Amino acid sequence: MTKRFYIETVGCQMNMLDSELIASGLLRLGYEPAISASKADVVLFNTCSVRQHAEDKVYSALGRLKHAKQHNPLKIIGVLGCMAQKDGPLIFRRAPHVDLVVGPSQLGQLPRLIEEVAAGAGPTIAVSSDRKAESHREARESFAPFNPARRAEARPVAHQAMVRVAFGCDKFCSYCIVPSVRGPEQSRRPEDIEEEVQLLARQARQRDVALEVTLLGQTVNSYRYRDGGRTFRLADLLARLNDVEGLARLKFVTNHPRHMTEDLIKAVRDLSRVTPYFHVPAQSGSDRMLRRMRRGYSSSQYREMLGRIHETVPGAAVTSDFIVGFCGETEAEFQRSVDLVREARFKNSFIFKYSPRPGTHAAARFEDDVPDEEKRRRNNELLAVQNAISEEDNQPLVGRTVEILVEGPSKTSLKHEATERATQLVGRTTCDRIVVFEGAGELIGRLVSVEIEKAAAFTLFGRTVTSATN
Ligand code: 5AD
Ligand code: SF4
């Protein structure tokens with residue numbers, strides 16, 4: 001009988017990509033997707049450790065599966081990714097009905113591990129022993145046979161694909177658990193990346209859709225691959241991928257302010273497929289906080305970098321992340337983040353309450369002394385400032401015609417299950433702005449011109465002008 005799998009994904013785009021690759025691997029082995037955890041023979045949680053909240057969610061979801069496992073002891077339950085690496089065998093103690101614990105660098109072994117558990121191997125764990133030892137080689141080997149297994153049906157939006165350009169992180173920002181769970185930074189070979197993008201583009205051409213590729217790295221703009229005497233950087237990679245036939249849009253996330261070089265900004269300006277969009281987290285506007293966070297730049301250096309982006313790529317959209325309530329953050333220091341948001345006029349910002357992560361420098365050295373309700377207040381205040389800016393800055397788009405890559409039906413049209421041919425569609429501009437408009441289902445996966453009629457903080461509303469070609 002066909003075995004069914006269900007993957008629940010928490011966390012960043014890296015995890016979404018890993019889940020896609022896991023799904024592809026299982027589909028290739030003849031597994032089929034299940035519509036829910038209760039209908040699945042294999043339930044996998046692809047987890048995140050960046051904040052406590054993400055971990056709590058997984059432990060409570062695991063708790064809910066306890067009865068299902070008692071009812072059906074053959075059901076395989078796996079915990080994958082960052083939490084697996086961070087908590088390791090502790091997961092079996094907290095949730096004894098878990099069968100499999102697999103770290104981010106061991107995901108390539110997953111199909112084999114599932115088979116072994118199914119054959120009665122008992123609780124199985126595969127994680128890296130430590131950051132240095134084997135993890136470089138392990139991560140590379142684990143993903144080498146894994147990456148090219150790209151299948152459009154394993155992605156939420158088939159014509160939008162992520163491609164990993166680097167694993168891990170070497171930055172060790174003091175609050176962040178990523179370097180210890182995802183291992184050391186290592187860039188993939190440009191040839192392998194291009195081959196993967198070529199494969200995705202071929203698949204898109206066969207399906208007659210316009211492909212969007214997002215290059216992923218924890219600090220994507222520190223990408224660096226040495227080959228003989230030559231060093232290959234992100235700007236070189238973008239240039240190499242820009243002309244892949246069938247590729248409509250090329251993006252890259254997440255950037256570190258220190259690596260936002262002139263070359264890279266100019267590449268974004270000059271390369272036709274690269275979208276004028278920069279996600280480059282500031283984390284704080286206070287110099288003392290930035291030092292404590294070990295970010296490696298001051299608020300004036302960040303501002304200077306923003307200036308270079310806007311000067312070279314007029315109209316570029318910049319987005320940021322902020323952490324509020326970091327250890328010792330005073331009200332005055334928090335207000336420096338508010339100042340930065342006001343001045344920078346980010347397209348949007350992702351704002352997080354500081355969550356101490358055991359094992360990080362900050363958790364060991366500084367007190368988490370901003371009370372939770374104060375963190376929440378700061379979060380809301382910064383968000384309100386950002387949202388007002390997002391709404392204001394969207395207004396000048398009213399009356400303009402923009403190019404949209406159509407993603408699919410909008411959430412509202414899905415809710416109403418529109419039966420007419422024309423339905424509400426959603427897509428994005430080159431600057432990653434969300435646009436909702438009426439159109440036929442055939443437009444999904446195409447580039448279309450839309451005239452903007454109304455603008456809110458997070459969404460633009462418009463009508464199609466003409467259908468552009470791919
Ligand atoms: N607490 C809160 N937010 C965090 N981030 C990373 N570590 C933490 C933490 N311990 C945020 C940063 C990062 C984003 C992905 O998550 O803003 O850019
Ligand atoms: Fe974490 Fe800093 Fe690395 Fe980003 S750059 S993953 S915040 S350590």
Side-chain angles (χ1 to χ4, degrees), residues 9-17 47-57 81-83 85-86 104 131 139 164-187 216-224 234 252-260 278-286 289-297 302 305 318-329 334 337 340-341 346 348-370 372 374-376 378-379 382-383 386:
T9 310
V10 201
C12 65
Q13 284 170 301
M14 216 41 113
N15 272 16
M16 315 246 294
L17 172 59
T47 63
C48 170
S49 287
V50 160
R51 282 168 291 277
Q52 184 64 44
H53 177 65
E55 296 196 347
D56 295 344
K57 260 174 40 187
C82 294
M83 241 174 92
Q85 180 59 44
K86 176 175 156 281
R131 218 184 100 89
R164 192 186 330 260
V165 303
F167 305 91
C169 182
D170 284 345
K171 288 283 178 289
F172 286 98
C173 301
S174 65
Y175 51 81
C176 188
I177 194 72
V178 168
S180 46
V181 289
R182 287 259 169 188
E185 180 178 339
Q186 45 187 325
S187 297
L216 292 188
Q218 233 69 51
T219 55
V220 69
N221 57 344
S222 66
Y223 174 87
R224 157 201 274 259
L234 184 62
F252 52 98
V253 290
T254 289
N255 294 284
H256 192 283
R258 273 185 61 177
H259 299 282
M260 198 51 89
F278 298 85
H279 179 57
V280 46
Q283 310 297 3
S284 173
S286 146
M289 287 299 109
L290 287 171
R291 274 196 306 276
R292 273 201 154 187
M293 290 177 172
R294 298 191 156 177
R295 288 289 288 174
Y297 53 86
Y302 186 87
M305 177 219 61
V318 181
T319 59
S320 183
D321 292 350
F322 283 90
I323 295 177
V324 295
F326 186 56
C327 313
E329 185 188 64
F334 164 66
S337 294
L340 181 57
V341 167
F346 297 109
N348 62 275
S349 292
F350 301 92
I351 300 164
F352 306 103
K353 295 185 294 175
Y354 171 60
S355 169
R357 308 283 57 220
T360 59
H361 179 82
R365 296 282 294 278
F366 310 126
E367 198 189 335
D368 173 28
D369 54 358
V370 178
D372 197 56
E374 180 57 20
K375 286 180 185 166
R376 199 169 321 132
R378 291 180 192 180
N379 192 327
L382 197 55
L383 202 58
Q386 174 61 61

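All ligand and atom numbering here is 1-based and tracks the order in the structure. Bear in mind the structure is a predicted one, so any value in this text is a computation, not a measurement.
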Discussion item. I'd like to know whether S49 forms a side chain to side chain donor-acceptor pair (under 3.5 Å) with E55, so could you lay out the CA-CA distance, the side-chain angles of the two residues, the decisive distance to 0.1 Å, and finally the verdict.
Written reply: CA-CA 6 Å; S49 287; E55 296 196 347; 3.0 Å; yes
Report yes or no: does [X] contribute a side-chain atom to a donor-acceptor pair with the main-chain N or O of [Y] at less than 3.5 Å?
X	Y	answer
D170	P179	no
T219	S222	no
S284	M289	no

Item to complete: For ligand 1, would you mind listing the residues that have at least one heavy atom less than 4.0 Å away, ordered by chain and number?
Response: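 For ligand 1, the residues that come within the 4.0 Å heavy-atom cutoff are V50, R51, Y175, Q283, D321, I323, F352, K353, Y354, S355, R357.
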Practice prompt. Report the C-alpha separation of Q52 and S355 in whole Å, then their side-chain angles, then the decisive distance to 0.1 Å, and conclude whether the side chain to side chain donor-acceptor pair (under 3.5 Å) test is met.
Written response: CA-CA 6 Å; Q52 184 64 44; S355 169; 5.4 Å; no
Practice prompt. Starting from atom 5 (S) of ligand 2, locate the nearest protein heavy atom and write down its residue, its atom name and how far away it is, to 0.1 Å.
Written response: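 Going by distance alone, atom 5 (S) of ligand 2 is nearest to T219 CG2, 3.4 Å.
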Item to complete: May I have the step-by-step check of side chain to side chain donor-acceptor pair (under 3.5 Å) for T319 and H279, ending in yes or no?
Response: CA-CA 5 Å; T319 59; H279 179 57; 2.8 Å; yes
Discussion item. Name the residue from K375, R378, R292 that meets the salt bridge (Lys or Arg N to Asp or Glu O under 4.0 Å) definition with E329.
Written reply: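 The single option meeting the salt bridge (Lys or Arg N to Asp or Glu O under 4.0 Å) with E329 is R378.
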Practice prompt. Measuring from atom 1 (Fe) of ligand 2, count protein N/O/S atoms under 2.8 Å, please.
Written response: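 Total protein N/O/S atoms under 2.8 Å from atom 1 (Fe) of ligand 2: 1.
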Worksheet item: Can you tell which of D372, V370, I323 makes a side-chain contact (heavy atoms from CB on, under 4.5 Å) with K353?
Response: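 Exactly one option meets the side-chain contact (heavy atoms from CB on, under 4.5 Å) with K353, and it is D372.
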Worksheet item: Angle class for the F352/F350 ring planes (parallel below 30°, perpendicular above 60°, tilted otherwise)?
Response: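 F352 vs F350 ring planes: parallel.
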Practice prompt. Measure up the Y302 and Y297 rings against each other and bin them: parallel (under 30°), tilted (30 to 60°), perpendicular (over 60°).
Written response: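 The arrangement is tilted - the two ring planes meet at 30° to 60°.
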Fill in: Side chain, backbone, both or neither: R295 near ligand 2, heavy atoms under 4.0 Å
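Answer for R295: side chain.
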